[in-house]
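Heads up, the thing below is written out as structure tokens.
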Amino acid sequence: EVQLVESGGGLVQAGGSLRLSCTHSGLTFDDYVIGWFRQAPGKEREGVATFSTNDGSKSYADSVKGRFTISSDNAQDTVYLQINGLKPEDTAVYYCAADAFDPRLRVSHYLIYSMAYWGKGTLVTVSS
């Protein structure tokens, strides 16, 4: 059974930083893609960052480039999302998702791809 568990969310002031963690288990693909997505109240879900174990490539949504960094600790089966310079508009539930790597797709395509496995999310609230 695939499990994805997010942690690290919380209340932070604008300009602050957070590091979200996604610990995964049960992924049996040779290569896979982990993505971070977020959904703000009343808005559609948005892909913010993806990481491929195939070649270590990463992709970011334009709205977060320069502020968000996705990284992986393979030994811990954990993927991180470092968020710097938090803004009130970053307030959302952040979800971790995973799917098998598809060589026909670029890692950026997974930002809008419907991943197969999802965590339950962690809430990030940014106060102004």
Side-chain angles (χ1 to χ4, degrees):
E1 179 186 7
V2 176
Q3 289 191 326
L4 300 159
V5 180
E6 304 94 337
S7 61
L11 174 64
V12 64
Q13 288 189 333
S17 298
L18 279 176
R19 188 177 77 161
L20 307 183
S21 300
C22 170
T23 301
H24 56 84
S25 61
L27 291 172
T28 60
F29 313 115
D30 289 340
D31 287 302
Y32 51 88
V33 175
I34 298 283
W36 281 98
F37 297 77
R38 66 183 180 183
Q39 187 162 21
K43 294 189 177 181
E44 292 188 355
R45 188 177 65 203
E46 173 190 23
V48 295
T50 54
F51 169 82
S52 171
T53 64
N54 175 253
D55 58 3
S57 58
K58 305 172 184 180
S59 185
Y60 298 93
D62 289 342
S63 59
V64 306
K65 281 180 181 177
R67 297 190 300 121
F68 287 27
T69 304
I70 189 169
S71 62
S72 175
D73 182 344
N74 292 334
Q76 300 292 329
D77 287 337
T78 301
V79 175
Y80 302 100
L81 185 69
Q82 177 70 39
I83 308 175
N84 298 326
L86 278 156
K87 305 175 181 180
E89 53 263 42
D90 293 322
T91 294
V93 177
Y94 284 72
Y95 299 92
C96 172
D99 208 331
F101 170 74
D102 185 337
R104 298 170 298 177
L105 300 177
R106 296 182 179 179
V107 68
S108 58
H109 292 159
Y110 288 87
L111 289 171
I112 57 172
Y113 187 76
S114 182
M115 300 278 213
Y117 304 101
W118 291 82
K120 295 183 178 181
T122 185
L123 176 63
V124 172
T125 303
V126 184
S127 62
S128 57

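Values below: all heavy atoms of this structure, side chains included; hydrogens, waters and symmetry mates excluded. Nothing here was measured: the structure is a model prediction, and the numbers come from that model.
Sequence neighbours left out, the pairs with a member in residues 96-128 that pass ring pair (Phe, Tyr, Trp, His ring centres under 6.0 Å) are F37-W118, Y110-Y113. Each disulfide (SG to SG under 2.5 Å) pair with one or both residues in residues 15-97, not counting sequence neighbours, appears once here: C22-C96. Listed by first then second residue, pairs satisfying salt bridge (charged side-chain N to carboxylate O under 4.0 Å, His left out) with a partner in residues 104-122 read D102-R104, not counting sequence neighbours.
T78 meets the side chain to side chain contact (heavy atoms under 4.5 Å, CB included) test with S21, T23, Q76, Y80; sequence neighbours excluded. Residues satisfying the side chain to side chain contact (heavy atoms under 4.5 Å, CB included) criterion with K65, sequence neighbours excluded, are Y60, D62. S127 is linked by a side-chain hydrogen bond (donor to acceptor under 3.5 Å, both in side chains) to nothing, counting only residues two or more places apart in sequence or in another chain. When the side-chain hydrogen bond (donor to acceptor under 3.5 Å, both in side chains) test is applied to S72, the partners found at least two apart in sequence or on another chain are N74. In this structure, the side chain to side chain contact (heavy atoms under 4.5 Å, CB included) partners of V93, at least two apart in sequence or on a different chain, are Y95, L123. Applying the side chain to side chain contact (heavy atoms under 4.5 Å, CB included) criterion to V126, with sequence neighbours excluded, gives V12, A14, L86, P88, D90, T91, V124.
Summarising the hydrophobic clusters (Ile, Leu, Val, Met, Phe, Trp, Tyr; side-chain heavy atoms under 4.5 Å, direct or chained), the residues clustered with I112 are none. L11 belongs to no multi-residue hydrophobic cluster, having no ILVMFWY side-chain contact under 4.5 Å with any other such residue.
In this structure a side-chain-to-backbone donor-acceptor pair under 3.5 Å is missing from S17 to N84. Of the possible polar contacts, one joining the K58 side chain to the I70 backbone as a donor-acceptor pair under 3.5 Å is found.
Taking 4.5 Å as the limit, some side-chain heavy atom of I34 sits within range of a side-chain heavy atom of H24. Counting heavy atoms from C-beta outward, E6 and W36 have side chains that approach closer than 4.5 Å.
Atom CG of D30 is surrounded by 12 or fewer heavy atoms from other residues, nucleotides or ligands within 6.0 Å.
Residues L4 and M115 do not share a hydrophobic cluster, clusters being chains of Ile/Leu/Val/Met/Phe/Trp/Tyr side chains in contact below 4.5 Å.
The line from OG of S114 to CG of D99 is 8.0 Å long, rounded to the nearest 0.5 Å.
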For residues 41-53, please give each side-chain donor-acceptor pair under 3.5 Å, one per line with the distance, not counting sequence neighbours.
residue, atom, partner, partner atom, Å
E46, OE1, R38, NE, 2.8
E46, OE1, R38, NH2, 3.2
E46, OE2, S63, OG, 2.9
T50, OG1, V107, O, 2.9
S52, OG, N54, N, 3.1
T53, OG1, D31, OD1, 3.3
T53, OG1, Y32, N, 2.9
T53, OG1, Y32, O, 3.2

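Of all the heavy atoms in S59 and L111, the pair that sits closest is OG-CD1, 3.6 Å.
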